There are 2 protein chains.
Amino acid sequence: MDARVELDTSVGYLLKQAATALRTAMEAALRPLSLTVSQYACLEQLGARPGMSGSELARAVFVTRQSMHALLRGLEERGLLTRPASAPHGRALPTDLTGEGRAALAAASTAVAAVEQRMVAALSPAALARVRTDLSAFVAALDAPDAPTEP
Amino acid sequence: MDARVELDTSVGYLLKQAATALRTAMEAALRPLSLTVSQYACLEQLGARPGMSGSELARAVFVTRQSMHALLRGLEERGLLTRPASAPHGRALPTDLTGEGRAALAAASTAVAAVEQRMVAALSPAALARVRTDLSAFVAALDAPDAPTEP
DNA sequence: CACTGTATGTCAGACTTCTGACATGGATGC
DNA sequence: GCATCCATGTCAGAAGTCTGACATACAGTG
């Protein structure tokens, strides 16, 4: 109890540092394709699960649905995706990639995969699997609403 | 070569998810203290290394020095830190916490430590040390300017 | 059937951060 | 000594994201 943050050993600080380094490297890799990281993330999600609504995309990309709204308008104007004028059910507008959108995603996904490969190259597959497990545990522990620091 | 990103197994996506969850939890913990995450990070750095310049702080907190400039003005107006009117050497203005600033940092650091503790509670000390090592390896690999994906 | 609750899309404004630019102080080169 | 380069502080504008708000569509309940 009454513990303080020690910067030298803080996993949180390392987490932020790694996420920032990854984002910077992704920005550099995506700049030649005229895509931001958020735009790429949106395309990647749509490639994996076509027909997602804007709200679903927002949650998957970790932005608000208002931000996703502006993002989708930009990508639609560039012809990378299409949305119906009216919703087939409820209010959700299913979004899909165009052919041009799939081509842009393919190029971007290749570029980002190279960045991620560079990031994890030094780790063995087993170590990588451990990291994934541990990061998932972090997310699960933080998402739990109650905070039993000492049960 | 020509690899694509697989969302289900992407460490980058997990990294972003974990960083977002941590930031959200920190925002919630710091809101009662009227501090943002960036402001807290700034105070924490100054607590560990008094006398840092604005540019040094910016690099440590992962924002631009322009953003840090605005951030420091706000914290100075609230009386949490002080900066000299002129630089004792060069252009760098050494920044220091006031007594009130140290008090705010103590409260904030305790709150953030609880969040971080909740995040890592499920991991053994050995597993935690591994995660730190691996995250450091990610940063080092991404910061390397050349990208030898396949040497 | 009406009411409530939840989810989605959209608009408007504020806030934060970034990019670009300029001036100043110091160090390094010749 | 002077020119050049680098780091820092600061100002101004642009871009992205968030908060707040409102309307709409469906599901569940009385």
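Residue numbers begin at 1 in each chain, while the letters A, B, ... track the order of the sequences. All of these numbers come straight from a predicted model, not from anything done at the bench.
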OP1 or OP2 of D:dG9 less than 4.0 angstrom from a side-chain nitrogen or oxygen of B:H69, does that happen here? no
NA contact type, B:S38, heavy-atom cut-off 4.0 Å: base, sugar-phosphate, or nothing? sugar-phosphate
Result for side chain to side chain contact (heavy atoms under 4.5 Å, CB included) between A:V5 and one of B:V115, B:V112, B:L105 points to B:V112
Can a side chain N or O of B:S55 be found less than 4.0 Å away from OP1 or OP2 on D:dG9? yes
How many Å lie between CE on B:M68 and P on C:dT16, as a whole number? 14 Å
In whole angstrom, what separates A:L93's CG from D:dA25's C1'? 12 Å
Would you say A:V131 and B:F138 make side-chain contact, with heavy atoms under 4.5 Å? yes
To the nearest angstrom, the CE-C1' distance between B:M52 and D:dG9 comes to 16 Å
Want to settle it: does A:R23 or B:R83 sit nearer the 5' end of DNA chain D, counting the closest nucleotide to each? B:R83
Rounded to the nearest angstrom, tell me the gap between atom CZ in B:F62 and atom C1' in C:dT16. 18 Å
Under 4.0 Å from OP1 or OP2 of D:dT17: is there any side-chain N or O of A:R65 that close? no
Report the distance from atom CD of B:Q39 to atom C1' of C:dC15, rounded to the nearest whole Å. 12 Å
B:G90 vs B:V63, nearer the 5' end of DNA chain C by closest nucleotide: B:V63
Which whole-number value in Å describes the distance from B:L71 CG to C:dT17 P? 6 Å
Nucleotide nearest B:S67 when distance is taken to its side chain, options D:dT8, C:dC18, C:dG9: C:dC18
Return the nearest nucleotide to the side chain of A:A92; candidates are D:dC18, C:dT8, C:dC22. C:dT8
Look at atom CZ of A:R73 and say whether more than 12 heavy atoms of other residues, nucleotides or ligands are closer to it than 6.0 Å. no
Between the main-chain N or O of B:L14 and the side-chain N or O of A:R132, is there a donor-acceptor pair closer than 3.5 Å? no
Is a side-chain donor or acceptor of A:T98 paired with a backbone partner of A:G79 at a separation under 3.5 angstrom? yes
OP1, OP2 of C:dC18 versus side-chain N and O of B:T64: anything below 4.0 Å? yes
What nucleotide among C:dG25, C:dG20, C:dG9 has an atom nearest to a side-chain atom of B:Q66? C:dG20
Below 4.0 angstrom from OP1 or OP2 of D:dG9, is there any side-chain N or O of B:R73? no
Nearest to side-chain heavy atoms of A:R59, which nucleotide of C:dT8, C:dC11, D:dT10: C:dT8
A:R91 side chain: which of D:dG9, C:dT8, D:dT17 is closest? C:dT8
B:H89 atom NE2 is separated from D:dA7 atom P, nearest whole Å, by 14 Å
Going by heavy atoms in the side chains, are B:Y13 and A:Q45 under 4.5 Å from each other? yes
Once you round it to whole Å, what is the distance between P of D:dA7 and CG of B:L57? 17 Å
